[in-house]
Colleague: 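Sending over a structure as structure tokens; questions will come in a sec.
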Amino acid sequence: MTLRVNDLKVYYQTLRGDVHALDGVTFDLADGEIMGLAGESGCGKTTLGKSLIRLDSRMKHVGGTIELDGKNVPIADEKAMVPLRYHEISLIPQYAMSALNPTRKIGRMIKDLMKARGVDPASIEDELHRRLELVGLEQDVLNRFPIELSGGMKQRVVMVISTLLNPSLLIADEVTSALDVSTQRAVAESMVEFRDRGFVKSMVFVTHDLSLVYQMADTIMVMYAGHVVEKASAKTIVNEPKHPYTQMLISALPEVGSTEEQGRLEGIPGKPPGLLDPPTGCRFKDRCPLAFSKCSERPPLVEIEPGHWAACWKTG
Amino acid sequence: MWRYIGRKLFVYLLTFVIAVTINWMIPRFMPGDPVRSMLNRASISDPEALERMTTYYETVFGLDTPLYQQYFNFWAGLFRGELGVSSMLYPQPVLDIILRSLPYTLALLLPAILLSWIVGNRFGAFAARNKVLDNTVLPVGYILTATPYMWLALLLAWSMGIVLGWFPASGGYSFSLIPEFSWLFISDLISHWFLPFMSLFIVALGGWAIGMRNMIIYELEADYSNYLQALGAPRRLIRRYAFRNAMLPQITGLAVQLGTVIAGALLTEIVFNYPGLGTLILSALNNRDFFVLQGVFLFVVVGVLIANFIIDIIYVLIDPRTRVQMTGGGA
């Protein structure tokens, strides 16, 4: 088991109180698994991604543990996290387009970073060139400034940099959101290839694009308002989702060839609850057509069939 | 690269021509007749003699020709390096008078501008993200940068010059000394230079430190800083990058500030009676010597233009983004 997250709670500290962005998140990630992390905006998926590598100053670790390759990941301890970062856990950020220092040539920046992380830049040079080639970039990009690259090129450069030290876990946060469809596909394919070649052991792919993760991910985890709602193989989530939220989420996606006569696409009425003062019990109950009295208690995440986890009283 | 420099040169040349024209116009449309005021000092009572002397001096200064011809004469003289003859120190050439004052102003301005910029930037970067320094030094910085140059100059002249008596409060060197290349004279020069220098340096320092502090905080929040942090890069590397990027607006700021600093230097020189261009301007104004005025303004304009041009070129060398723009290449 690569990654084991147990009852993780991370709150944002604000002037009006704590925002319960992650409220008891539990899941496992196997070696070689690419997990798509899906959900609406504000459901805590980016917070989860960040929590695995670096809490920002407003984030507070309230409870729960993270284990990577059998070792504890001390996310609240900024100093103790440093050796793990990049070497063990790495990140392709949401803002890959602006993640590179604008006044340093890319090659120079990589050298600086390697030296700072105690890696001899010469020792990874050949590998760097190979990987650039793999994602379809010429070696010449190393002599260029970020401004001279297109968005897709910058994205791929960041991908190569982030995975250069072969981390165990890679968090890819909305890496395809800013790209056009054809580039999205290329990026997604490269990510799978990186996993297949062993550049990264396993990957959490944060996205709101369910159709994209369906094509590349092994499993999909759906989150809602800081809770894990359902986790299963990508096929199961898309074809036979069990949790009512997942079902409604999937039914809100258009299918190829569907016309309006066959029925208009249904959205999910209502909006997610505010997390400053979240409701008790199941957080989806106010929008859920199946809600009943028991939903005022929080449903546990249970394995309803091998590899298929869901948190709903109706599915259990 | 050369096309960019050529274009910039053209703009600066145009600015120069316009500045020189305005420079030529202002004294001529200013109230007061320089020849008349010069002759008034001689208190000549014979109207015929006055008439003849007026005509004589107007010929000497070239004021007897029509305005447009005066204008062209002015340009022609400029290219020959002639700025005319001073009326208050007749018959000394304006150029000689200016060249005598220029070293004092340069010796004040260059160290004050550059040192305050360098020290201010270093200090601001250091203070950013340091709670204690930020809370104590920043308010002081705000007060300093809001201080008018001449007010601080007066304060320094009074406290350190008169009350404490550490430094002479007036002049460029002691009147008892003859300018020569000796240790005694040079140390005297430096002690006279110190207070005017400090008053310029301190005011400018506050502004730079505050600007840099704000820029560094902004850069440390930038995406590239966050990315490096997530990859576990040490603080040192991140701060180095932030510093380099935060420098860019500061360099632009330097170009913009040059004009104000020069104005500040003029006032400071007057307060300390320092024999630089500022004091020269004041006495030229008082004596309606518009040949000297014109000459000084010309030097100031040329100085600011040259400094801005140098900064433009430096900017291109250190910011790849301007380099891309100017070569016309896109991503």
Side-chain angles (χ1 to χ4, degrees), chain A residues 49-50 52-57 78-106 108-119 143-154 158 161-165 167 171 173, chain B residues 1 4 121 125 128-131 134 212 215-253 311-331:
Chain A
K50 276 168 109 176
L52 294 173
I53 186 160
R54 179 176 171 261
L55 299 176
D56 70 33
S57 54
E78 177 68 25
K79 267 217 179 70
M81 278 301 285
V82 171
L84 285 175
R85 289 185 188 139
Y86 206 7
H87 292 279
E88 301 292 328
I89 307 172
S90 190
L91 168 83
I92 301 179
Q94 204 163 7
Y95 46 79
M97 306 290 162
S98 52
L100 300 167
N101 181 356
T103 54
R104 268 272 192 273
K105 284 183 178 161
I106 288 161
R108 177 83 189 279
M109 197 209 111
I110 295 176
K111 273 205 184 90
D112 287 348
L113 183 60
M114 286 302 142
K115 275 189 215 145
R117 297 306 332 248
V119 179
N143 294 322
R144 296 211 227 152
F145 287 101
I147 179 116
E148 299 173 271
L149 271 54
S150 72
M153 286 163 90
K154 273 186 255 188
V158 170
I161 294 177
S162 289
T163 54
L164 204 50
L165 298 183
I171 300 143
D173 191 356
Chain B
M1 180 82 184
Y4 171 81
N121 279 330
R129 285 301 162 80
N130 180 328
K131 274 225 171 80
D134 223 17
M212 193 59 180
M215 282 311 302
I216 285 278
I217 288 177
Y218 175 79
E219 293 292 337
L220 287 178
E221 295 287 319
D223 286 341
Y224 68 87
S225 300
N226 277 323
Y227 181 53
L228 285 172
Q229 266 165 357
L231 296 186
R235 233 173 128 69
R236 209 163 8 98
L237 179 70
I238 297 166
R239 289 197 83 120
R240 205 171 76 212
Y241 279 9
F243 186 75
R244 199 184 148 95
N245 287 313
M247 280 305 270
L248 300 175
Q250 291 294 85
I251 290 172
T252 321
I311 287 174
D312 265 346
I313 291 182
I314 291 178
Y315 206 84
V316 164
L317 292 179
I318 59 168
D319 188 353
R321 284 166 293 190
T322 33
R323 227 175 304 165
V324 170
Q325 272 167 20
M326 82 194 185
T327 48

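Every chain is numbered from 1, with letters handed out A, B, ... down the list of sequences.
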Colleague: Mind ranking A/His87, A/Met109, A/Gln94 by heavy-atom pairs under 4.5 Å with chain B and telling me who comes out on top?
Modeller: A/Met109

Colleague: For B/Gln229, is it the side chain, the backbone, both, or neither that has a heavy atom closer than 4.5 Å to a heavy atom of chain A?
Modeller: both

Colleague: Please report the C-alpha distance between B/Asn226 and A/Arg54 in whole Å, then the side-chain angles of each, then the deciding distance to 0.1 Å, and finally whether the side chain to side chain contact (heavy atoms under 4.5 Å, CB included) criterion is met.
Modeller: CA-CA 9 Å; B/Asn226 277 323; A/Arg54 179 176 171 261; 3.7 Å; yes

Colleague: Need one label for A/Leu84: side chain, backbone, both or neither, based on atoms under 4.5 Å from any heavy atom in chain B.
Modeller: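 It is neither, since no heavy atom gets under 4.5 Å.
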
Colleague: Would one find more than 12 heavy atoms of other residues, nucleotides or ligands at under 6.0 Å from atom OH of B/Tyr315?
Modeller: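 Yes, OH of B/Tyr315 has more than 12 neighbouring heavy atoms, counting only those of other groups under 6.0 Å.
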
Colleague: Could you check A/Met97 against B/Asp223 for side chain to side chain contact (heavy atoms under 4.5 Å, CB included), going step by step and ending with a plain yes or no?
Modeller: CA-CA 9 Å; A/Met97 306 290 162; B/Asp223 286 341; over 6 Å; no

Colleague: Give, for atom CZ of A/Arg104 and atom CG of B/Asn245, the distance between the pair rounded to the nearest 0.5 Å.
Modeller: 9.0 Å

Colleague: If we define contacts as heavy-atom pairs under 4.5 Å, which of A/Val82, A/Asn101, A/Ile161, A/Ile171 has the most with chain B?
Modeller: A/Asn101

Colleague: How long is the straight-line distance from OH of B/Tyr241 back to CG of A/Leu100, given to the nearest 0.5 Å?
Modeller: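 A/Leu100 atom CG to B/Tyr241 atom OH measures 10.0 Å (nearest 0.5 Å).
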
Colleague: Quick check on B/Arg236 against chain A: is it the side chain, the backbone, both or neither that has a heavy atom closer than 4.5 Å?
Modeller: neither

Colleague: Which pair of non-hydrogen atoms, one from A/Leu113 and one from B/Ala233, has the smallest distance, and what is that distance?
Modeller: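 What the structure gives for the nearest pair is CD1-CB, 3.9 Å.
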
Colleague: Which pair of non-hydrogen atoms, one from A/Ala99 and one from B/Tyr227, has the smallest distance, and what is that distance?
Modeller: O-CD2, 3.4 Å

Colleague: Taking every heavy-atom pair that is under 4.5 Å apart, which of A/Ala96, A/Gly151, A/Pro102 has the most such pairs with chain B?
Modeller: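 Going by pairs under 4.5 Å, I would pick A/Pro102.
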
Colleague: Non-hydrogen atoms of chain A under 4.5 Å away: do they reach the side chain of B/Leu237, the backbone, both or neither?
Modeller: side chain

Colleague: Should A/Asp112 and B/Arg240 be marked as a side chain to side chain contact (heavy atoms under 4.5 Å, CB included) after you check the CA-CA gap, both sets of side-chain angles, and the distance that decides it?
Modeller: CA-CA 11 Å; A/Asp112 287 348; B/Arg240 205 171 76 212; 3.6 Å; yes

Colleague: For A/Ser90 and B/Leu231, which heavy atoms make the closest approach, and how far apart are they?
Modeller: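 Minimum heavy-atom separation between A/Ser90 and B/Leu231: OG-CD2, 3.4 Å.
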
Colleague: Give me the atom names and distance for the closest heavy-atom approach of A/Ile53 to B/Ala230.
Modeller: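 Of all heavy-atom pairs spanning A/Ile53 and B/Ala230, the closest is CD1-O, 3.2 Å.
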
Colleague: Rounded to the nearest 0.5 Å, what separation is found between the OG1 atom of A/Thr103 and the CG atom of B/Leu248?
Modeller: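 A/Thr103 OG1 to B/Leu248 CG: 6.5 Å, rounded to 0.5 Å.
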
